[in-house]
Participant: 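I have a structure here, written as structure tokens, and I will follow up with some questions on it.
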Amino acid sequence: MVLCMHYCGTAVIVAHGDAATRRDIAAGRHLSTLAFSEAGSRSHFWAPLSTARASGEEIVLDARKSWITSARHATAFVWSSQPAAAEGFSTLWLVPNPRAGLAIVAPYNGLGLRGNDSAPLAAEGVRIPESARLGADGKGFDLMMGIVLPTFNVLNAAVSLGICDAAIAATAAHATATRHEHAGSSLADLPTIRAYIARMKLRADLAHTLLADTIAALASGRADGMLRVLQVKAAAAEAAIDVTTTAMRVCGGAAYRKELGVERAFRDAQAASVMGPTTDVLYDFIGKAVCGLPLF
Ligand SMILES: Cc1cc2nc3c(=O)[nH]c(=O)nc-3n(C[C@H](O)[C@H](O)[C@H](O)COP(=O)(O)OP(=O)(O)OC[C@H]3O[C@@H](n4cnc5c(N)ncnc54)[C@H](O)[C@@H]3O)c2cc1C
């Protein structure tokens, strides 16, 4: 997820950032991330309540960001706020980290993705140069939808599917290696267990196929590219929850212990469905797209 967020921030910087930052990213000297989610608008990341105010040649930022992956380690944040002056939903900025006025409110202590360092951050009177703006004032929404959403949804789906594959591999290894000695058979000798593993694999591979098709649709500019982008994150996130829940059942009591790695996959799988755009918001968007209604 750290890498997913790095690539999302990088995609915006490649399109609208300065040459020095792009060089630093290429040289592996710059860790990027997104600072979109806020305490006020929660998972509706497209509607920031935080502000950007012009002060001479500087911009003054105030915000209550709720989740920023790599909060303590990022070199800079790709940051959303309300526009400084223009009309529109939002404006994006490149905010160096650390910076006077920026404070981590609480360290990350989540159920899963324990290495994520996704912390809430407060900004009080943070001053950045006006040149730190990414794209035009008021055009943040266009960058979120045109650049960040496809990148994030595809990579977030890839994270979910990596978790699925890890859970399936751990489950198959456990099922083949674990024996009921009194019966002289392994867990994998039980048709019930094999059927669960088959359903895990089927669920994961359906989402893998959708991910491959989404990438193909984006690469060739297919008309259904954005529909696929909406679908793939929801499909993969829900597959990961389903697959890892089944892994917990198949591996039985052993799954509760850390050494198998299944409980970690189960915990890690939960985040994607509530990361914006959440699965339920995506269902709403997909339904609107199918019905020919505007998404916003
Ligand atoms: C591990 C992790 C890392 C994260 N990293 C980042 C990051 O790097 N940068 C960043 O900006 N954010 C990040 N986030 C935040 C994430 O993108 C979401 O903003 C956050 O998870 C939303 O949580 P919430 O409780 O505020 O959601 P809420 O908005 O309170 O949603 C609660 C529930 O209501 C549902 N809901 C909300 N609106 C609708 C609707 N219109 N229709 C149907 N259902 C709806 C949601 O689907 C959800 O189930 C991260 C989150 C996690 C868990």
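FYI, side chains are in, hydrogens and waters are out, and symmetry mates aren't considered; it's all heavy atoms of this structure. In each ligand, atom 1 is the first atom listed, and ligand 1 is the first ligand listed.
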Participant: Can you tell me if Lys258 uses its side chain to pair, donor with acceptor, with the backbone of Arg264 under 3.5 Å?
Facilitator: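 Answer holds: no.
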
Participant: Residues two or more places apart in sequence or in another chain: which of them pass side-chain contact (heavy atoms from CB on, under 4.5 Å) with Ile147?
Facilitator: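 Ile147: side-chain contact (heavy atoms from CB on, under 4.5 Å) contacts with Ala11, Val12, Ala15, His16, Leu143.
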
Participant: Find all protein N or O atoms under 3.5 angstrom from an N or O atom of ligand 1 and list the pairs with distances, or write 'none'.
Facilitator:
residue	atom	partner	partner atom	Å
ligand 1	5 (N)	Thr69	OG1	2.8
ligand 1	5 (N)	Ser118	OG	3.4
ligand 1	8 (O)	Leu34	O	3.4
ligand 1	8 (O)	Thr69	N	2.9
ligand 1	8 (O)	Thr69	OG1	3.0
ligand 1	9 (N)	Leu34	O	2.8
ligand 1	9 (N)	Trp67	O	3.2
ligand 1	11 (O)	Phe36	N	2.9
ligand 1	11 (O)	Ser37	N	2.7
ligand 1	11 (O)	Ser37	OG	3.1
ligand 1	12 (N)	Ser37	OG	2.7
ligand 1	12 (N)	Trp67	O	3.3
ligand 1	17 (O)	Ser37	OG	3.4
ligand 1	17 (O)	Gly276	N	2.9
ligand 1	19 (O)	Ser37	OG	2.8
ligand 1	21 (O)	Val274	O	2.8
ligand 1	25 (O)	Arg42	NH2	3.1
ligand 1	26 (O)	Arg42	NE	3.4
ligand 1	29 (O)	Ser43	N	3.1
ligand 1	29 (O)	Ser43	OG	2.6
ligand 1	30 (O)	Arg42	NE	2.6
ligand 1	38 (N)	His44	NE2	2.8
ligand 1	47 (O)	Thr278	OG1	2.6

Participant: With sequence neighbours excluded, tell me which residues meet side-chain hydrogen bond (donor to acceptor under 3.5 Å, both in side chains) with Arg127.
Facilitator: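 Result, side-chain hydrogen bond (donor to acceptor under 3.5 Å, both in side chains) vs Arg127: Ser55, Glu58.
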
Participant: Phe89 vs Phe141 aromatic rings, parallel, tilted or perpendicular, using cut-offs 30° and 60°?
Facilitator: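 Answer is tilted, since the angle falls between 30° and 60°.
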
Participant: Check which hydrophobic residues are tied to Leu61 through side-chain heavy-atom contacts below 4.5 Å, counting indirect links as well, and list them.
Facilitator: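 Besides Leu61, the hydrophobic cluster comprises Ile59, Ile68, Phe77, Trp79, Trp93, Val95, Leu102, Ile104, Leu121, Val126, Ile128, listed by chain and residue number.
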
Participant: Quickly, which of Val2, Thr75, Thr10, Thr69 forms a side chain to side chain contact (heavy atoms under 4.5 Å, CB included) with Thr33? Name it, please.
Facilitator: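 Only one option passes, and that is Thr69.
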
